[in-house]
Amino acid sequence: MRLKAFAMGGIAAIALIAATGAGLAADAVKVGVVIPLTGGFQSNGRQISAALKTFVATHGETAGGKQVEFIVKDDASTPDNALRLAQELVTKDHVSVLAGFGNTPTALSVAQLSKRARVPQVVMVAATSAIMDASPYMLRTSWTIPQMANIIGEWAAKNGTKKFVTIVSDYGPGADAEVWFKKALEANGGTVTAQLKVPLANPDFAPFLQRAADEKPEALFVFVPTGAGAAFMKQFVERGLDKSGIKVIAAADVTDDDLVNNMGDPAIGVITGGPYSASHDSPENKAFVEAFKKENDGMRPNMVAVAAYDALDLIYKTLDKTGGDATGDVFVEAAKGMKLDSPRGPISIDPETRDIVQNIYMRKVERVNGELYNTEFETIEAVKDPAHAAK
Amino acid sequence: MLTLLFDGVAYGMLLFVLSCGLAVTLGLMNFINLAHGAFAMAGGYVTVILTNRFGVPFLATLPIAFIATALVGALLERLLYKPMYDRSPLDQVLFSIGLVFMAVAGVDYLMGSQQQILALPEFLKGRVEIAGVGIGIYRAFLIVVCGILAIVLQLINSRTRFGSQLRASVDNRRVARGVGIRVNTVFAVTFAVGSGLAGLGGALGAEILGLDPTFPLKFMVYFLIVVSVGGTASMYGALAASILLGLADVLGKYYVPSIGGFVIYIVLVAVLVLKPQGLFARAN
């Protein structure tokens, strides 16, 4: 995968040189894509570059009457690299739009640049609420942790599951999830009897699960990074908790489409809340999943892929609207309030916060045609980020 | 409560298999091999690939993981490690941490950065109740396997001819050579066995600790803690230290989850303040 991604970057670079040489540069809009193709968030980078490939294959390379060129850079998941690369892209390559950002620190580090250089920054993954305040030129097409956690808490309490133990990984997004879940649950008459924080680097959940079981809750709320989700579910079943009647209700990351099929039987029945499932039933999604698999050797898109795809769609549609003008103020003004028919359902850009408004789906892991999928069973429409709405 | 103790012992046993190889190379051969975790990771990947892709039974992959990593260890010992034996500790540390980064990047490239998920056979899954104590079958299996290993290793080290040759080579290389011990061979075999044990540990641990390319970095600290707490005099030192740390870790996380991750460091500091040479120091 990485070779291909690098090759793609190389091709983009060569295309760029060729274009400049031919004097076409004035007619081209350049988009710098800064993503983690290596390092801890590599799987995000992998999904984004696959989505980019799919998008270009299905939508071509022109928008608003101009040629669109993508320059892909690998930030190795670290914020200082992201900033350096973004600076180079803006000053040397003269890109008009920055996109990508596989985690919160990289998005934040580039925000200052976006603000001062007035370059639109389209965030494809980073899910912390507060980053939108860092630059008035930032737009987001992914999701926020409170957006998911809040809905999950509300849904659980309304559906009669009230007594919870929360288990979250001990880092920023984990803390966010814990706080917003608890808030929504308690507002609807539920209680959290214990809040457990699991160290990020240690995936042995044994003591935490034992503690959770001894609290005898009706369900566990879980937020752990994608990889750890599989280990969690295995140990949950190994401990016999699945037979004790304790349910698992989690954020979408735990049963990510990238991994859920390998998680096997322990994952079946897990309820999650999230913005996208590869099995979402709509013609847009069927076409998307098919094109995605065709372009990427049968790889299954996950919610990162769809967020990246929508970010590119947003860039194209906005350029169509402005007639190819990608100056910061014009571009962001045009993007505000933009409505898109995403593979995940209808989404829009909130004109006030520049953040995404989307449906959150409650899903359940089921075996469909021999493969595990998150099957959607309830839709909560047009959800805004509650952290911003509260201000 | 008893279930917790049981979990703690199982976790400790796992730590023991993972780090006893390091106790051998660091404690007996005085070589600081930070790349130890890379061998553990190699063993883990051997097992995961064989069981998941080729359908080899899990139990059969364990000896394969041991042998494969031991062979890699032997090869690297000949090519890379041997010239480093007489270098300063700083050189050894820099050299072996370099190997770690290469291993991390290499595995990342070949296998991808995602967590590998091991498919255990049915008879090792689930749990049984014995006198009201819930016992995970896989964890019980770990305790048995690791317990036997610990005893065998200690017997080899203290009772066999090879064990005494090894101890002689370590104490005084020149004299050992003088009395006809082939020191280089002894070291090569020891290093290979140490790597093999790491590989076995990685294979056994993939289920509980998870397996991804950053494994060697994530667990390096744990290995080093076991060796420094246990001292390097005998296998029992490493075993006792592993179980102590396993218990402290599990109980800490259960009773004080807010500082759970730190408990083993507190134990480390406490032990080193009281006994700077570790719990079972070599009598000098």
Side-chain angles (χ1 to χ4, degrees), chain A residues 1-3 36-46 76-77 165 167 170 194-214 225-235 237-244 256 258-267, chain B residues 1 3-4 6-8 10-11 14-15 52 104-105 108-110 112-120 124-129 134 136-139 205-215 217-219 221-222 246-247 249-264:
Chain A
M1 252 344 281
R2 265 168 60 192
L3 257 189
L37 288 167
T38 52
F41 289 79
Q42 191 208 35
S43 80
N44 288 349
R46 219 162 45 98
S77 313
V165 168
I167 300 184
D170 198 358
Q195 292 168 275
L196 307 179
K197 284 204 164 95
V198 187
L200 253 190
N202 179 0
D204 185 12
F205 291 102
F208 299 102
L209 280 169
Q210 190 63 39
R211 177 70 190 267
D214 293 348
T226 307
F232 177 87
M233 284 318 300
K234 263 178 144 176
Q235 296 193 10
V237 172
E238 184 202 307
R239 213 145 274 273
L241 294 179
D242 52 334
K243 292 180 194 77
S244 67
D256 188 280
D258 219 9
L259 273 178
V260 68
N261 195 36
N262 290 327
M263 288 170 74
D265 293 342
Chain B
M1 179 64 200
T3 307
L4 272 185
F6 172 80
D7 285 342
Y11 188 52
L14 192 58
L15 277 182
N52 291 5
V104 169
D108 199 314
Y109 180 74
L110 292 172
S113 63
Q114 72 276 31
Q115 280 278 342
Q116 298 293 328
I117 300 165
L118 180 64
L120 273 189
L124 285 176
K125 282 186 192 163
R127 109 203 221 105
V128 286
E129 291 265 326
I137 294 173
Y138 188 72
R139 282 168 203 260
E207 168 74 8
I208 287 181
L209 304 177
L211 186 64
D212 65 55
T214 58
F215 183 90
L217 293 171
K218 263 198 255 178
F219 290 95
V221 179
Y222 284 71
L247 282 174
D249 198 38
V250 168
L251 293 178
K253 282 171 180 167
Y254 183 85
Y255 287 109
V256 275
S258 48
I259 59 156
F262 291 104
V263 173
I264 59 163

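Predicted model, so just to flag it, every value in this text is computed and none were measured. Chain A is the first sequence line, chain B the second, and so forth, proteins listed ahead of strands; every chain is numbered from 1.
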If one checks every heavy atom of L118(B) against chain A at 4.5 Å, the contacting part turns out to be both
Heavy-atom closest pair (R211(A) atom, Y255(B) atom, distance to 0.1 Å) is NH1-O, 4.0 Å
Using every non-hydrogen atom in the two residues, find where V250(B) and P207(A) come nearest and quote the distance to one decimal.
O-CB, 3.3 Å
What I'd like to find out is whether the side chain of Q235(A) reaches to under 4.5 Å of the side chain of I208(B), using heavy atoms alone.
yes
Options L259(A), V237(A), D214(A), ranked by heavy-atom pairs under 4.5 Å with chain B, top entry:
D214(A)
Could you check whether D108(B) and Q42(A), counting side-chain N and O atoms only, form a donor-acceptor pair closer than 3.5 Å?
yes
Side chain, backbone, both or neither: which part of K234(A) has an atom under 4.5 Å from a heavy atom of chain B?
side chain
Can you tell me how far the CZ atom of R139(B) sits from the CZ atom of R239(A), to the nearest 0.5 Å?
5.5 Å
Starting at OH of Y254(B), measure out to CG of L209(A) and round the result to the nearest 0.5 Å.
11.5 Å
